[in-house]
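Working notes, beginning with the structure itself.
Predicted model only: the values in this text are computed from it and were never measured. All ligand and atom numbering here is 1-based and tracks the order in the structure.
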Amino acid sequence: MESVLIANRGEIAVRVIRAAKEMGLRTIAVYSELDRNAVHVDLADEAWNIGPAPAAESYLNIQRILDVAESAGASAIHPGYGFLAENAGFAQAILDAGLIWVGPPTQAIATMGDKIASRVAVAAAGVAAVPGTLEPLDSVDEVHSFADEYDFPIAIKAAHGGGGKGLRVVYEAADLASAFEAARREADAYFSRPEVYVEKYLEKPRHIEAQIICDTHGNAIFVGERDCSAQRRHQKLIEETPAPGLEAGQRREIGEAALAVARATNYVSAGTVEFLMARTGELYFLEMNTRIQVEHTITEAVTGIDLVKEQLRIAAGDRLSFESAEPRGHAIEFRINAEDPAAGFMPNPGTIVEYREPGGPGVRVDSGVLAGSVISQYYDNLIAKLVVWGRDRSEAICRGRNALQTFQINGLATTIPAHLAILDTDEFAAGNYSTRFVEDHLDFSDLETGVSPHLPTEEEEEERSITVEVGGRRFVVRYWAPVMAAPAAGGQRAAPRRRPPKLERRAAPSDASGMVTAPMQGTIVKIHKAAGEHVKEGDPLCVLEAMKMENEIKSNRDGEIIDLRIQPGDTVTSGAVLMVIA
Ligand code: MV4
């Protein structure tokens with residue numbers, strides 16, 4: 001293997017390029033027109049344009065990527081995560097082109113991408129999955145009979161889904177029919193596959209995942225587990241390892257089950273087996289991810305193993321470079337996203353005006369940005385991953401808090417204030433939190449995210465600071481003053497930090513005139529209603545996709561849609577009128 005093309009962008013592209021360089025491989029980056037000046041482009045030995053900004057025309061453009069691989073003479077392709085990382089067709093096309101695929105066998109990708117097939121496969125391996133059906137549901141009657149046997153609550157899920165899309169939790173029989181239809185509709189909308197299945201819904205479980213890695217010489221190793229329960233609407237926020245409070249027996253059970261799944265699927269490369277742990281301690285297989293994950297970093301921090309280099313070694317036909325993984329210390333990852341926690345984690349695209357990463361013992365930052373980078377609505381809104389390691393959990397938490405407080409990102413709102421708020425809760429400090437913890441117990445609406453993504457208007461103030469010395473001691477004094485005159489011609493002025501206003505809660509999409517407006521720039525992916533239809537307050541009207549997140553636009557009034565101004569596929573600007581409700 002002489003070279004590798006990284007079919008991705010952002011922090012994971014930087015991550016893979018670094019690993020490949022350490023192995024002496026020639027690195028080939030690809031970029032969309034929007035990423036022309038991105039960090040990963042500069043870092044690679046060479047870089048190729050693969051098309052316009054929309055992912056469908058660039059990072060998801062299989063033929064274009066293969067053409068570049070041929071033109072660049074790439075030996076191998078690493079997909080990163082997201083985009084085409086779990087696309088069996090992409091993997092097969094790479095193999096058919098005579099290139100090396102840095103990932104699992106296509107059969108394993110296909111099996112684990114079908115949640116029902118994955119449950120059948122793990123059952124055959126003797127691993128307990130969450131109690132549920134092993135066939136797609138043909139009718140709501142089958143859901144009724146499942147509920148009769150397992151009682152409520154139950155979860156209806158998309159067979160070809162993941163990440164919570166198409167998931168409907170049902171607590172009583174009266175809601176079964178509508179939930180079944182909604183799950184099928186959503187599965188069809190997101191995955192073009194309407195098949196759904198049903199499971200017993202575990203209340204407030206912990207989300208524990210097992211890292212495994214397998215080479216082509218029969219070596220398969222459990223590298224440790226990660227607790228990913230600190231998430232919001234299926235978006236992971238904080239991950240940690242080891243899982244707090246997990247007993248040795250439970251850890252052994254997780255490792256053995258994960259390796260059994262690996263063997264049953266003839267797995268090769270890095271993979272993650274996800275489990276739900278009930279409050280009573282039972283472990284159930286949930287799903288398997290056939291890719292390197294965002295949070296692989298914390299496993300690397302406690303084991304010292306470079307999982308991406310291992311993936312490249314395996315793809316080149318070499319054996320794993322280690323025979324066992326004994327974790328040492330404790331590691332935590334904080335996902336720094338361009339989202340505004342005070343506005344419901346609304347995506348917050350914009351330009352990073354100032355950027356300074358924390359550092360010091362046990363602090364790692366994986367990012368793909370610099371000051372001046374644009375976080376756009378076309379891709380996910382991950383800015384950076386802050387990874388801290390400590391000899392024990394309390395040292396890791398202390399390091400995390402200090403690193404978050406010194407992580408300077410100006411120009412757009414980020415999840416940093418939310419992470420600090422989570423760290424300060426008793427539940428997190430005690431290491432005793434479930435997947436419902438963030439959503440059920442935390443209200444971020446009063447957080448001061450305080451950064452203006454735009455230059456303040458004249459009548460507003462701007463933050464300034466002055467460094468003074470009093471009695472021999474240095475102080476940095478922050479103060480707010482009326483916005484200065486425009487900078488000298490050609491001068492640059494960083495977007496000053498405006499005094500953080502008490503954030504007004506974002507108005508519901510409709511204003512007094514009944515106009516339903518777009519809360520942010522994005523693309524209309526689904527319209528639930530037609531002109532002339534009557535809606536009630538809270539009815540979903542349409543889905544606006546921005547930065548790879550779907551935002552359900554709901555009505556805040558009863559009325560009739562008298563003017564529908566959008567159609568699926570429309571790109572709308574923030575504030576655009578989508579429809580009018582009389
Ligand atoms: C579950 C579950 C409880 N019981 N399934 C599915 C998608 C994945 N991201 C999380 N999923 C879950 N599936 C059963 N039978 C709990 C989760 C879950 C979760 C569900 C709703 C909201 C947040 C969650 C966070 C982690 C896990």
Side-chain angles (χ1 to χ4, degrees), residues 81-82 86 112-116 118-119 122-123 127-134 137 143 146-147 149-171 175-176 179-180 182-183 186-187 190-191 193 195-210 225-240 243-244 254 272-291 293-295 333 335 344-345 380 418 422 427-428 432-442 548-550 552:
Y81 55 67
E86 296 182 284
M112 295 306 171
D114 175 340
K115 303 308 173 195
I116 295 177
S118 71
R119 293 163 53 79
V122 304
V127 172
V130 181
T133 55
L134 296 180
L137 296 168
V143 190
F146 181 85
E149 183 179 355
Y150 286 94
D151 202 357
F152 292 98
I154 61 169
I156 302 174
K157 294 185 172 182
H160 296 269
K165 290 200 173 41
L167 169 66
R168 284 292 185 283
V169 182
V170 184
Y171 289 89
D175 300 334
L176 272 182
F180 176 71
E186 200 165 275
Y190 287 131
F191 312 110
R193 297 292 300 268
E195 296 92 326
V196 295
Y197 65 103
V198 64
E199 292 177 346
K200 175 65 184 160
Y201 185 69
L202 306 183
E203 300 267 17
K204 299 190 176 184
R206 286 175 69 182
H207 199 181
I208 312 283
E209 61 184 29
E225 85 284 346
R226 297 184 287 259
D227 190 329
C228 305
S229 303
Q231 45 184 289
R232 180 186 178 279
R233 292 190 187 176
H234 306 289
Q235 303 298 322
K236 293 170 182 169
L237 284 170
I238 298 175
E239 303 99 343
E240 64 176 307
I254 287 170
T272 299
V273 183
E274 291 193 16
F275 297 90
L276 291 177
M277 187 162 78
R279 280 176 295 174
T280 45
E282 290 90 10
L283 265 174
Y284 298 101
F285 169 83
L286 179 65
E287 50 199 55
M288 180 176 187
N289 303 316
T290 54
R291 66 178 188 270
Q293 293 201 210
V294 170
E295 62 269 25
E333 178 184 81
R335 297 192 189 201
F345 288 81
D380 72 24
I422 291 170
E427 293 88 345
F428 191 88
N432 177 19
Y433 55 94
S434 83
T435 56
R436 298 301 308 164
F437 157 60
V438 173
E439 284 175 88
D440 289 357
H441 298 284
L442 287 170
K548 281 193 63 177
M549 288 174 66
E550 252 88 40
E552 192 81 78

Go through the steps to decide whether V438 and Q235 satisfy the test side-chain contact (heavy atoms from CB on, under 4.5 Å), and finish with yes or no.
CA-CA 11 Å; V438 173; Q235 303 298 322; over 6 Å; no
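- Scanning for salt bridge (charged side-chain N to carboxylate O under 4.0 Å, His left out) contacts around D440 gives R436, with sequence neighbours left out.
- Looking at every heavy atom in both residues, H207 comes nearest to S229 through N-OG, 2.8 Å.
- Taking the charged nitrogens against the carboxylate oxygens, E209 and K236 do have a contact shorter than 4.0 Å, which makes a salt bridge.
- Between K115 and A158, the shortest heavy-atom distance links the atoms CG-O, 3.9 Å.
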Show, in sequence, the C-alpha distance, side-chain angles and deciding distance for R335 and E295, and conclude whether the salt bridge (Lys or Arg N to Asp or Glu O under 4.0 Å) test is met.
CA-CA 9 Å; R335 297 192 189 201; E295 62 269 25; 2.8 Å; yes
Anything under 3.5 Å between an N or O on ligand 1 and a protein N or O? List each pair with its distance, or write none.
unit_1, atom_1, unit_2, atom_2, d
ligand 1, 4 (N), L202, N, 2.9
ligand 1, 5 (N), K157, NZ, 2.9
ligand 1, 5 (N), E199, OE1, 3.4
ligand 1, 9 (N), H234, ND1, 3.3
ligand 1, 13 (N), K157, NZ, 3.1
ligand 1, 15 (N), E199, OE1, 2.9
ligand 1, 15 (N), K200, O, 2.7

